[in-house]
Amino acid sequence: MKDNGLKQPVTDVKGIGEETAEALSDLNIRTVKDLLEYFPYRYEDYRLKDLSQVKHEEKVTVEGVVHSEPSLVYYGRKRSRLTIRLLVNQFLVQVVYFNQPYMKNKISINETLTVTGKWDAHRRTITASQTKIGEMKKNNEFEPVYHVKGSVTVKGVRRFIQLALNQYGESITETLPKEFLLNYKLLNRREAIRAIHFPLNSNDVKQARRRFVYEEFLYFQLKMQALRKFEREQSKGTIQKYDLEKLKLFLESLPFQLTNAQKRVVNEILADLKSPYRMNRLLQGDVGSGKTAVAAIALYASITAGFQGALMVPTEILAEQHAESLKSMLQPFDIECDLLTSSVKGKRRKEILEKVSNGKIHLLIGTHALIQDEVVFHKLGLVITDEQHRFGVEQRRILREKGENPDVLFMTATPIPRTLAITVFGEMDVSVIDEMPAGRKVIETYWAKHDMLDRVLGFMEKELIQGRQAYVICPLIEESDKLDVQNAIDVHASLTAYFGNRYHVGLMHGRLTSDEKDSVMKSFSSNDVQVLVSTTVVEVGVNVPNATMMVIYDAERFGLSQLHQLRGRVGRGSEQSYCILLADPKTEVGKERMKIMTETNDGFVLSEKDLELRGPGDFFGKKQSGLPEFKVADMVHDYRALETARNDAAELIRSEAFWNSPEYETLRGYLQESEVLKGEKLD
Ligand code: ADP
Ligand code: MG
């Protein structure tokens, strides 16, 4: 049989016809390989358990001897309850069958039964869902459960896989280098495929999983590492000879000393600018850790080397704020900065575009307007994007391709847990500012139930009386911008009524035009408005140091990292600041999330926790693309394997043997197939 990697259609399997193939294609199963690699997402666990270890209401399978005659009680005409006593390992438990009177005749005293059902630990009773007369058969302890659709059943999938295995099992070839199989004692691929679908025991499940987790991670990391290597080798980055003397003067002009973390990160970036490689770096730093200063230094360095810089941010408000602060820092050094957003129109726009293309503007700041075709740079050397996770991968690529291989720095205040960072950003270098400027006050965070709103508002008024200001963040309604806005309008109305003519309450949401937003923000900055009701649009960057209080409605609906971002809007001045989370979480996890917010101000701790509690999919939000999907592996729980695979992949990519030896042909073939070797972008 010709080995084509089992790419033949499933209809080649004896016993699978056109109709079945059609149904399977709805599950994206088309080839024999697809079928064999259609892994179960969980197992029914029919292992016998010691009842003292089983939790209340957990599903359990026990084997025991019938100790009493079944007793049957009818209530109503159709409803009945059959009870027996079963001796399980010296313990007497009750087994109950609802509405199955016929079981009475099947069960006799002193007989051995295997019963599966829900365990009531208080009543020591199992409500039976499945009963087998006789002992547990040892080779069916785990039954795989598959996602199915349409006419395909779980049993059907099992049968089709069995057929495919019978016919093609011998053709399954190994995809991992031998050394790894030996080093990590992994099952070979054929064995692992059998074990994942037809495990004989829990060890089979575990070992099969272990193998595929490693395989998935290794392949993924190989792609990342290869990409990184090619990026480095192929990117004819420019050597930017910045002017160190000028840079020193600029540093002296700043009203503060850089923190050690800022210094380290600046050095990493400067080394990239100087090098012939193209920088592709992620800069992580908590809210307020001073990323903007780092960005300014990097941009100025590039400009002193004769290049232009671009800073791209997600919202207009933020673009304006950045433009303002960068202008004030850089203009004394004869740097021409300008702002380009979609609301810059007409003659003004034309003028800016002109000056960007002839190099008169050294630094252009803006929203995604920066990446439109009409924007042509004279000599773009450095591109920085702030809050990069808000930009699509595509937008990042376009910007990168403007100009001649500009160095690229992505900044984010969402601390990305290490696990995710090495996965999602495996092809990037990562710098971290892990230190706050000295003298920052910790924001005191409290969790209150919604019915305590009156007290919370009383507290707020005490702050307002002292001349301070407050943010009120409205509930976030998933995927419904419209409802978000309505909510904000409602909250605004009720707070306006509450504060009467004592304080002015402003309203900010995503449906306002940018002029309107601008004027709301301005009146808040100038303290004409004391309370700002807002949707999450204030999340990023906005800086009003006199605001010392934030109340967040329905806080349980936000991710921890997002709450932390929001909270970062206060605590920017010298006064003590407060954040009140209004939340009535229904679940234990929800309560734990609120509690941890009150306990730590460390964005990294929160993001790790968030990842742990919500899983990687939710971490970035549903719309986030770019998160790889693994069939078996779980980035959170298998992070050790992920790190191992990453190190192995890096070592392979660096080695001569990987590129030449026949031993690695399969892996090379995979890179070829996934187009990394053609120099194409992974994303
Ligand atoms: P981020 O962008 O990381 O949230 P910013 O760059 O906006 O943080 O900095 C927050 C505030 O801290 C700004 O007012 C900035 O001037 C100030 N700042 C930055 N670096 C330092 C430092 N090393 N020492 C003191 N203050 C600093
Ligand atoms: Mg910032």
Side-chain angles (χ1 to χ4, degrees), residues 1-7 31-41 43 142 144 161-162 164-226 229 419 422-423 426 628-674 676-677:
M1 194 183 313
K2 193 174 152 284
D3 175 18
N4 67 354
L6 302 173
K7 294 278 174 58
T31 64
V32 174
K33 181 177 192 304
D34 294 339
L35 181 58
L36 291 174
E37 292 177 12
Y38 195 72
F39 295 151
Y41 69 96
Y43 295 86
F142 285 90
I161 290 173
Q162 183 73 70
L165 257 181
N166 291 347
Q167 194 174 334
Y168 291 103
E170 294 299 305
S171 316
I172 297 171
T173 52
E174 186 49 61
T175 52
L176 289 175
K178 262 206 206 76
E179 52 185 290
F180 296 135
L181 293 182
L182 288 175
N183 280 353
Y184 305 129
K185 300 193 172 60
L186 299 174
L187 291 183
N188 71 46
R189 201 163 206 276
R190 185 180 308 157
E191 198 35 42
I193 289 208
R194 184 207 53 78
I196 206 161
H197 293 297
F198 303 102
L200 297 178
N201 49 46
S202 65
N203 192 46
D204 265 7
V205 172
K206 190 170 140 200
Q207 296 306 330
R209 212 182 155 272
R210 213 162 66 81
R211 187 226 138 90
F212 287 115
V213 167
Y214 181 77
E215 178 185 309
E216 280 190 311
F217 282 154
L218 183 74
Y219 272 65
F220 180 74
Q221 287 297 338
L222 268 180
K223 222 158 60 168
M224 291 302 219
Q225 302 291 331
K229 175 182 159 77
T419 337
I422 68 172
T423 311
E629 289 214 7
F630 296 111
K631 281 204 261 184
V632 181
D634 177 317
M635 285 186 273
V636 183
H637 295 109
D638 303 318
Y639 76 94
R640 260 171 235 249
L642 179 58
E643 293 203 332
T644 308
R646 177 179 154 102
N647 293 339
D648 290 344
E651 206 168 303
L652 278 175
I653 294 286
R654 272 198 302 270
S655 72
E656 274 298 309
F658 179 78
W659 303 101
N660 305 313
S661 153
E663 165 151 26
Y664 301 110
E665 206 177 315
T666 317
L667 296 182
R668 286 198 302 272
Y670 166 75
L671 290 183
Q672 201 95 48
E673 223 173 272
S674 52
V676 176
L677 287 188

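- For the pair R668 (side chain) and S661 (backbone), a donor-acceptor distance under 3.5 Å is present.
- K33 is not listed as a side-chain neighbour of Y168, based on a closest heavy-atom distance of 4.5 Å or more.
- Between L218 and A649 the shortest heavy-atom distance is CD1-N, 3.9 Å.
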Please report the C-alpha distance between T644 and N647 in whole Å, then the side-chain angles of each, then the deciding distance to 0.1 Å, and finally whether the side-chain hydrogen bond (donor to acceptor under 3.5 Å, both in side chains) criterion is met.
CA-CA 5 Å; T644 308; N647 293 339; over 6 Å; no
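- Proximity of D648 to Y184: side-chain heavy atoms (C-beta onward) are separated by under 4.5 Å at one or more points.
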Check the pair I193 / F212 against side chain to side chain contact (heavy atoms under 4.5 Å, CB included), numbers first and verdict last.
CA-CA 9 Å; I193 289 208; F212 287 115; 3.6 Å; yes
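- Remark: side-chain polar atoms of E216 are not paired, donor with acceptor, to backbone N or O of F630 under 3.5 angstrom.
- Between L186 and E215, the closest side-chain pair of non-hydrogen atoms is not below 4.5 Å.
- No side-chain donor-acceptor contact under 3.5 Å links R210 to the backbone of A641.
- Looking at heavy atoms from C-beta onward, Y219 lies in side-chain contact with T175 at the 4.5 angstrom threshold.
- One finds the CZ atom of R189 at 9.0 Å from the CG atom of L36 (value rounded to the nearest 0.5 Å).
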Return all side-chain donor-acceptor pairs below 3.5 angstrom for residues 651-658, not counting sequence neighbours, or 'none' if the list is empty.
residue: S655; atom: OG; partner: L652; partner atom: O; Å: 2.8
residue: S655; atom: OG; partner: F658; partner atom: N; Å: 3.2
residue: E656; atom: OE1; partner: N660; partner atom: ND2; Å: 3.4

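- Judged as a side-chain hydrogen bond (donor to acceptor under 3.5 Å, both in side chains), and not counting sequence neighbours, the contacts of N166 are Q162.
- The shortest distance between side-chain heavy atoms of E174 and R190 does not fall below 4.5 Å.
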Worked verdict on K185 versus Q207 for side chain to side chain contact (heavy atoms under 4.5 Å, CB included):
CA-CA 9 Å; K185 300 193 172 60; Q207 296 306 330; over 6 Å; no
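- V632 has its side chain out of reach of R211: every pair of non-hydrogen atoms, C-beta onward, lies at least 4.5 Å apart.
- Between L187 and A208, the shortest heavy-atom contact is CD1-N, 3.8 Å.
- Residue-environment remark: CD (E665) stays at or below the threshold of 12 foreign heavy atoms within 6.0 Å.
- Using a 4.5 Å cut-off on side-chain heavy atoms (C-beta onward), Y38 and K631 make no contact.
- Taking CG from L6 and CG from D34, the interatomic distance works out to 10.0 Å, rounded to the nearest 0.5 Å.
- A distance of 10.5 Å separates CD of E37 from CD1 of I161, quoted to the nearest 0.5 Å.
- Scanning both residues, P40 and Y43, for their nearest heavy atoms gives CG-OH, 3.4 Å.
- With contacts defined as side-chain heavy-atom distances shorter than 4.5 Å, the pair R194/L200 qualifies.
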Stepwise side chain to side chain contact (heavy atoms under 4.5 Å, CB included) check, L165 with I172:
CA-CA 9 Å; L165 257 181; I172 297 171; 4.1 Å; yes
